[in-house]
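Chain identifiers are assigned alphabetically (A, B, ...) following the order of the sequence lines, protein sequences preceding nucleic acid strands; residue numbering begins at 1 within each chain.
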Protein chains: 2
Amino acid sequence: MARRTKEFAERTREAILDAAEHLFHQRGVSHTSLDGIARAAGVTRGAVYWHFRDKADLFTAMQARARLPQEDVIECLLGEEGPDAYRLERLRDACREILWVMANDERRGRVYTILFHRCEYVEDMDAVAERMRLRSEQMLENLTRYFQRAARRGELGSLWQPREAAFALHGLMTGMLSHWLARPDRSEMVETGSRCLDAFFRTLRPDPVAAPGGGDRRRTGLG
Amino acid sequence: MARRTKEFAERTREAILDAAEHLFHQRGVSHTSLDGIARAAGVTRGAVYWHFRDKADLFTAMQARARLPQEDVIECLLGEEGPDAYRLERLRDACREILWVMANDERRGRVYTILFHRCEYVEDMDAVAERMRLRSEQMLENLTRYFQRAARRGELGSLWQPREAAFALHGLMTGMLSHWLARPDRSEMVETGSRCLDAFFRTLRPDPVAAPGGGDRRRTGLG
DNA sequence: CTTTACATGCAAGCCTGTATGTATATATAA
DNA sequence: TTATATATACATACAGGCTTGCATGTAAAG
């Protein structure tokens with residue numbers, strides 16, 4: 001065959017990325033050959049090498065395509081203004097949504113499973129590893145900033161310092177994601193995960209609501 | 001060369017395991033060849049194939065050699081009796097010790113870094129992956145049981161159910177380990193990690209010390 | 001003399017990178 | 001508008017390296 005149209009080429013590129021995503025997920029990154037990807041995509045290695053420099057480049061593109069929700073969510077929250085900004089409930093809901101996305105969005109679930117359990121962060125992947133580390137630092141900073149502002153609003157209890165709360169939440173989320181993404185059955189991921197988040201966020205509050213008689217635990221919504 | 005003594009063979013075996021551990025850590029499991037391991041150990045592939053069936057077998061042996069502290073610790077705690085049994089402080093200290101071990105015991109640190117970030121849980125490694133999953137489930141069960149007994153002793157606050165506390169602690173530990181094991185510098189691992197654990201465990205307590213007038217947040221140490 | 005604890009050699013497969021072929025879309029010029 | 005040139009989007013072919021698994025030595029321990 002030969003050159004089709006520009007949009008056809010784009011579809012080829014997407015097919016290659018799809019194939020890579022599935023094969024990386026099934027067999028792991030380093031056990032997947034470019035030839036295997038090409039054939040799964042219905043093309044030859046020529047096409048792969050046309051669109052991507054090498055496997056690491058392909059991997060990066062695959063990762064970028066499933067633009068990970070975390071960063072966006074937090075940065076979005078950090079940009080907020082108004083009476084509801086920096087309420088802990090907002091952050092908790094954002095975390096809950098991340099769990100939901102990972103459990104229900106097949107692409108995100110696959111890509112993150114690959115990132116967690118199907119690739120080795122060495123050699124040609126060390127650029128990827130460095131990006132992952134940086135993102136993680138960035139996330140910690142953003143969370144810390146969020147908790148700082150929440151604390152300024154009186155949302156954070158005296159038991160927690162912003163930085164420790166950030167580390168704890170980040171660790172908690174990472175651990176839960178790692179746990180469930182290692183398993184095919186994610187039916188209880190959202191439910192159990194949300195309960196953990198609820199419990200954790202309740203402990204962040206300044207007034208832990210000693211459940212006086214069984215009253216509701218929501219604050220009156222005056223903000 | 002030829003057959004030396006039995007103990008010499010054992011030393012050869014250890015040398016192979018040492019080499020494998022370092023190379024897996026440096027270059028990742030699937031990017032490390034048995035020939036590379038053999039040469040790093042000062043032998044040939046013949047020796048490797050004599051002692052181990054294949055790479056997966058070698059990997060398993062390497063993992064087993066650095067018998068992971070977690071299981072032992074928890075099972076040890078679960079076997080305890082007496083007035084101090086099932087105090088949350090005991091569990092917290094155990095978690096803290098795990099952090100310390102990972103930061104200071106080079107072998108454990110390396111092996112766990114490999115398990116977290118240097119291998120792909122697929123294909124020939126799926127037996128390993130299954131074991132990891134089972135361990136994780138086991139750990140969750142043990143933690144749940146511990147928190148149940150702690151709750152029976154009145155150590156657990158009403159905000160937490162044992163199962164959620166177990167999930168949260170497990171996630172928190174996994175996340176923190178994953179975070180720091182991805183980085184060469186673990187100087188603040190124990191300190192920051194311990195502060196997170198302290199904060200987390202304080203929130204588990206039945207009486208969250210509502211800081212009535214701004215007083216100190218530590219309990220009087222009669223426990 | 002047999003078994004152990006390796007070393008060495010060989011065949012085969014797989015994967016990568018690159019070089020080269022090729023047909024077509026598209027730009028350009030006449 | 002048509003003819004031509006060129007860049008595009010791949011397919012194919014080739015060389016080379018790296019691994020693995022096995023088969024076959026081999027020297028010393030027991």
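- Between Tyr146(A) and Tyr86(A), the ring-plane angle classifies as perpendicular under the 30° and 60° cut-offs.
- The CG-P distance, from Asp57(A) to dT16(C), rounds to 14 Å in whole Å.
- Rounded to a whole Å, the CZ atom of Arg11(B) is 17 Å from the C1' atom of dT4(C).
- Interatomic distance, His170(B) NE2 to Met176(A) CE, rounded to the nearest 0.5 Å: 12.5 Å.
- Going from atom CZ of Phe8(A) over to atom P of dC10(D) covers 8 Å, rounded to whole Å.
- Contact annotation: Thr12(A) side-chain N/O to dC10(D) OP1/OP2 distance is under 4.0 Å.
- Here the C1' atom of nucleotide dC6(C) and the CZ atom of Phe52(B) are 14 Å apart, to the nearest Å.
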task: Please step through salt bridge (charged side-chain N to carboxylate O under 4.0 Å, His left out) for the pair Arg133(B) and Glu137(B), ending with a clear verdict.
output: CA-CA 6 Å; Arg133(B) 276 192 289 270; Glu137(B) 308 284 359; over 6 Å; no

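- Distance NE2 (His51(B)) to C1' (dT4(C)): 10 Å, rounded to an integer number of Å.
- Val101(A) pairs in a side-chain contact (heavy atoms from CB on, under 4.5 Å) with only one of the listed residues (Arg108(A), Arg107(A), Arg96(A)), which is Arg108(A).
- Put simply, Trp50(A) has no side-chain N or O that comes within less than 4.0 Å of OP1 or OP2 on dC10(D).
- Ring geometry, Phe24(A) versus Phe59(A): the interplanar angle falls from 30° to 60°, so the pair is classed tilted.
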message: Checking Asp18(B) against Arg65(B) for the salt bridge (charged side-chain N to carboxylate O under 4.0 Å, His left out) test, could you report, in this order, the C-alpha distance in whole Å, the side-chain angles of both residues, the deciding distance, and whether it holds?
response: CA-CA 10 Å; Asp18(B) 282 344; Arg65(B) 194 174 60 150; 3.0 Å; yes

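- For the helix from dC1(C)-dG30(D) to dA30(C)-dT1(D), the rotation axes defined at the first and last 5 base pairs enclose an angle of 0°, given to the nearest 10°.
- Look at CD on Glu10(B): it is 16 Å from P on dT4(C), rounded to the nearest Å.
- Per the geometry, CD belonging to Glu7(A) stands 9 Å off P belonging to dT26(C), to the nearest Å.
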Please list each protein N or O that sits under 3.5 Å from an N or O in nucleotides 19-22 of chain D, with the distance.
from: dT20(D); atom 1: OP2; to: Leu34(B); atom 2: N; distance (Å): 3.1
from: dG21(D); atom 1: OP2; to: Tyr49(B); atom 2: OH; distance (Å): 2.4
from: dG21(D); atom 1: N7; to: Arg45(B); atom 2: NH2; distance (Å): 2.5
from: dG21(D); atom 1: O6; to: Arg45(B); atom 2: NH2; distance (Å): 2.7

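- Taken to the nearest 0.5 Å, the CE atom of Met125(B) stands 12.0 Å off from the CZ atom of Arg118(A).
- Nearest heavy-atom pair, Phe116(B) versus Thr174(B), reported as atom, atom and distance to 0.1 Å: CE2-CG2, 3.8 Å.
- In this structure, the ring of Trp160(B) has its center less than 6.0 angstrom from the ring center of Phe200(B).
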